[in-house]
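Worksheet: one structure, shown below.
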Amino acid sequence: MNKSDYTSAELFTSPLEGQGEVSAEDEIRRLREQLNQHNYNYYVLNQPTISDYDFDQMMHRLEDLELFYPQYADPNSPTQRVGNDHNQQFRQVAHRYPMLSLANTYNEADVRDFYERVRSGLEGEDFEIVAEMKYDGLSISLTYVDGQLTQAVTRGDGEKGDDVTANVRTIRSIPLQLRPGSGYPHEFEIRGEILMPWASFNRLNAEREAREEPLFANPRNAASGTLKSQKSELVAQRGLDAYLYYLLGDEIPFDGGHYENLQMARSWGFKISEGMRKCHSVEEVLDFINYWDSERKNLPVATDGIVLKVNSLRQQRHLGFTAKSPRWAIAYKFQAERVATPLLQVTYQVGRTGAITPVANMQPVQLAGTTVRRASLHNADIIRQLDLHLGDTVYVEKGGEIIPKVVGVDTTKRTPDMPPVTFITTCPECGTPLIRIEGEAAHYCPNDTGCPPQIKGRIEHYISRRAMNIESLGPETVDEYYRLGLIHDVADLYQIRPDQISGVYGTKIKSAQKIVESIRASVHVPFERVVFAIGIRFVGETTARLLARHFRSMDSLASATLEQLTEVEGIGDVIAQSVVRYFHEPRNLEVIQRLREAGVQMQLDEQAMLQQGTALAGQSIVISGVFNHHSRDEYKLLIEQNGGKNVSSISAKTTFLLAGANMGPAKLEKAQKLGIRIVSEDEFLQMLNL
Ligand code: IVH
């Protein structure tokens, strides 16, 4: 069906159902209900009943209809799961019921104590304890009114938290609309944990590693960083999940139990853990704990313990709360896997930026399924806090973290001949005295022009795929060319002659010529990637693109002031200072000058940008609404690059209206009245073969 077939008609024939005339409103409602059900099947039950392709088709159809009938827009529509790229500020919201935490216990005796406290608090009455997983993410409170998600608030200080509704809407396992007819109360709150599954976490860190961005230490930090992101579009891409474990509200059945409430909530559409058991004795509770202590390793998300709750809500009320936590619940925390092993040596690594990382080298030991030999000690402060001595028996843990950590020292095993570990004062690679930048934990080697790992690291970064993409070179060749004295900085790459490298690593003269050609070919790499490749601290790929597009040439970037830099959206103080510092360094300016002489792109290629295509030549285009794949500015640029003209208001001369989501109804009406063609984002990208 051609989209223009239903631009002006309220009634149209549904091609999917062949069911005759249905109103757009009914069709939108039907599609939303079906998509909600499929989301539930997929993300909550893990049992999809249609193919991804069919699901996407339905989603596109709903997107199209919502675009043409903005009067039926709904923030809880399944189409809203993709988020947007608006910069949002989080509003602080007071919790209707404070969000308390739980008292922690760490051993069997504590669990038995809790059980006895409950027994005596209930004066001998029978009781049930619900044992459930303690999920290791961040807590969230969701409010539903008439089956619709109305608000999502973080724990904050327990009294008030951040309104993160827009971000939470993108989490597929959180229902935006509860299942119709499932008997949910008119209004209630449900609390739970937002998590980043291991699979998403590993993928995210792999991507970050490829981009040389700092890694997240564990899924909890990654989930928390993601949920606080200003752009809901980013949240949508990170694959977060959520388990709910606590129902609150004036209308929930109070005579029942917590367990029964959660089963009910599952039928409303929420993801409720399957790992839950009603226990009738402390032995049953301990069984559950022991079982999950090992079995949790097979779960898709991180857990750090078991939560025990008195089941009956009446008994919960009877037991009440202390100032900080309920008397009717407690958290049993699993021991992070920990082993003791002797510390043999502390070595120091020098990174591309000169940062020094101390590394504990230990007698190899088995821990959580892998052999551990080395663990990061992070910085001098950590070494001091641990009061580390060489030869000490150290405790190594692998908690939620992927990299093992030295968490303590068994001082009873220390003998007087074990010297304290003192942080090095000079660079292990080049001997330069180290410095410490005020406010930063790390020590640095300031000899960035003479310290081998820094020099080689910078060149490796320059040639990497996402930077200049010089595929014929790799870390080994860089190391070798450096050793031979052929390269000291990235500009030297362009001076390499085939005869200098033929013979190295058995390179034949033909291959040597190819290597030199591929280095020279990199002068065509666009300016944006050059800004990334030169390795300014804190300037990743995205930041480089922002800077390149804003300043347009290396010269104007180099002369930008702190104020001019921070004016660019997305550039904060830390990045701005780093850029200024970089261009203050005469040595960097000299390298850039030599890169310029070699022909490397030092400005945006306006000509190429303006003449990328002629697909839109002579067309007047109006943009309206918000988009999923690119920002509005990027679409404006694309229009110009393809010969089109951006115009701000609709007239009879307008060729078409590029319509995103949430577009103003007035514009749409005007376009429809004038018979102007309306083009969706996907359609537009197709026009340009993108
Ligand atoms: S119940 C009043 N159940 O652990 C009781 N909490 O220190 C409210 N958590 O802040 C919490 N899994 O973020 C409860 N199954 C579970 C949980 C759980 C994880 C977190 C929650 C809370 C913290 C308690």
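- Put simply, CD on Gln47 and OH on Tyr40 are 9.5 Å apart, with the number rounded to the nearest 0.5 Å.
- For Lys231, the NZ atom sits in a packed shell: over 12 heavy atoms of surrounding residues, nucleotides or ligands are nearer than 6.0 Å.
- Between Phe538 and Thr543, every side-chain heavy-atom pair lies at or beyond the 4.5 Å cut-off.
- Judged purely by atom type and a 3.5 angstrom limit, Asp157 uses its side chain to pair as donor or acceptor with the backbone of Lys160.
- Contact annotation: the side chain of Asp162 never approaches that of Arg91 to less than 4.5 Å [non-hydrogen atoms, C-beta and beyond].
- With values rounded to the nearest 0.5 angstrom, Thr79 atom OG1 is found 8.0 Å from Asp74 atom CG.
- The shortest side-chain heavy-atom distance between His186 and Val145 falls under the 4.5 Å cut-off.
- Within the 4.5 Å cutoff, the side chain of Leu149 has no heavy atoms near those of the Thr143 side chain.
- One side chain, Glu295 or Asn298, offers a donor N or O that lies under 3.5 Å from an acceptor on the other.
- Neither side chain, Ser680 nor Asp682, offers a donor N or O lying under 3.5 Å from an acceptor on the other.
- Judged purely by distance below 3.5 Å, without hydrogens or angles, the side chains of Arg238 and Thr226 pair a donor atom with an acceptor atom.
- Using a 30° and 60° split on the angle between ring planes, Trp268 and Phe188 fall in the tilted class, from 30° to 60°.
- Taken from CE in Met59 to CG in Asp52, the straight-line distance is 11.5 Å, to the nearest 0.5 Å.
- In this model, no donor atom of one side chain and acceptor atom of the other lie less than 3.5 Å apart for Ser139 and Glu193.
- Between the side chains of Gln88 and Asn167, at least one donor N or O lies within less than 3.5 Å of an accepting N or O.
- A salt bridge links Glu260 with Lys278; the closest basic N to acidic carboxylate O contact falls under 4.0 Å.
- Atom OG1 of Thr654 and atom CD1 of Ile676 lie 5.0 Å apart (nearest 0.5 Å).
- Residue Tyr42 places its OH atom among 12 or fewer non-hydrogen atoms of other residues, nucleotides or ligands, all under 6.0 Å distant.
- In this structure, Met99 and Arg191 have side chains that are in contact, with non-hydrogen atoms separated by less than 4.5 Å.
- Using a cut-off of 4.0 Å between Lys/Arg side-chain N and Asp/Glu carboxylate O, Arg277 and Glu132 are scored as not salt-bridged.
- Under the 4.5 Å side-chain criterion, counting only non-hydrogen atoms from C-beta, Leu313 is in contact with Asn261.
- Between atom OH of residue Tyr184 and atom CE of residue Met264 there is a gap of 13.5 Å, rounded to the nearest 0.5 Å.
- Nearest heavy atoms, Gln151 versus Asp163: NE2-OD2, 3.8 Å.
- Taking both residues in full, the closest heavy atoms of Pro175 and Gly269 are given as CG-O, 3.6 Å, listed atom of the first, atom of the second, then distance.
- Thr165 places a side-chain N or O within 3.5 Å of a backbone atom of Ala152 that can act as its donor or acceptor partner.
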Glu66 and Arg32: CA distance, side-chain angles, deciding distance, salt bridge (Lys or Arg N to Asp or Glu O under 4.0 Å) verdict:
CA-CA 11 Å; Glu66 289 181 349; Arg32 284 181 185 160; 2.8 Å; yes
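- Annotation: the span from Tyr135 atom OH to Leu244 atom CG amounts to 10.5 Å, rounded to 0.5 Å.
- Within a 6.0 Å radius of CD in Gln92, other residues, nucleotides and ligands contribute more than 12 heavy atoms.
- Checked by atom type, the side-chain pair Tyr97/Glu189 shows no donor-acceptor distance below 3.5 Å.
- Salt-bridge check for Asp26 with Arg29: passed, with a basic side-chain N closer than 4.0 Å to an acidic carboxylate O.
- Side-chain contact check for Ile140 versus Val153: every heavy-atom pair is 4.5 Å or farther apart.
- No side-chain N or O of Gln177 forms a donor-acceptor pair with one of Asn76 less than 3.5 Å apart.
- Comment: Asp250 engages Arg96 in a salt bridge, judged by a side-chain N to carboxylate O separation of less than 4.0 angstrom.
- Taking each heavy atom of Arg172 and Ala236 in turn, the nearest pair found is NH1-O, 4.1 Å.
- Among the candidates Tyr245, Tyr43, Tyr144, Tyr243, the single residue satisfying the ring-ring contact (aromatic ring centres under 6.0 Å, His included) test with Phe270 is Tyr144.
- A salt bridge between Glu27 and Arg30 is present, with a side-chain N of the basic residue lying under 4.0 Å from a carboxylate O of the acidic one.
- Salt-bridge formation is detected for the pair Asp241/Lys271: a Lys NZ or Arg NE/NH1/NH2 atom is positioned less than 4.0 Å from an Asp or Glu carboxylate oxygen.
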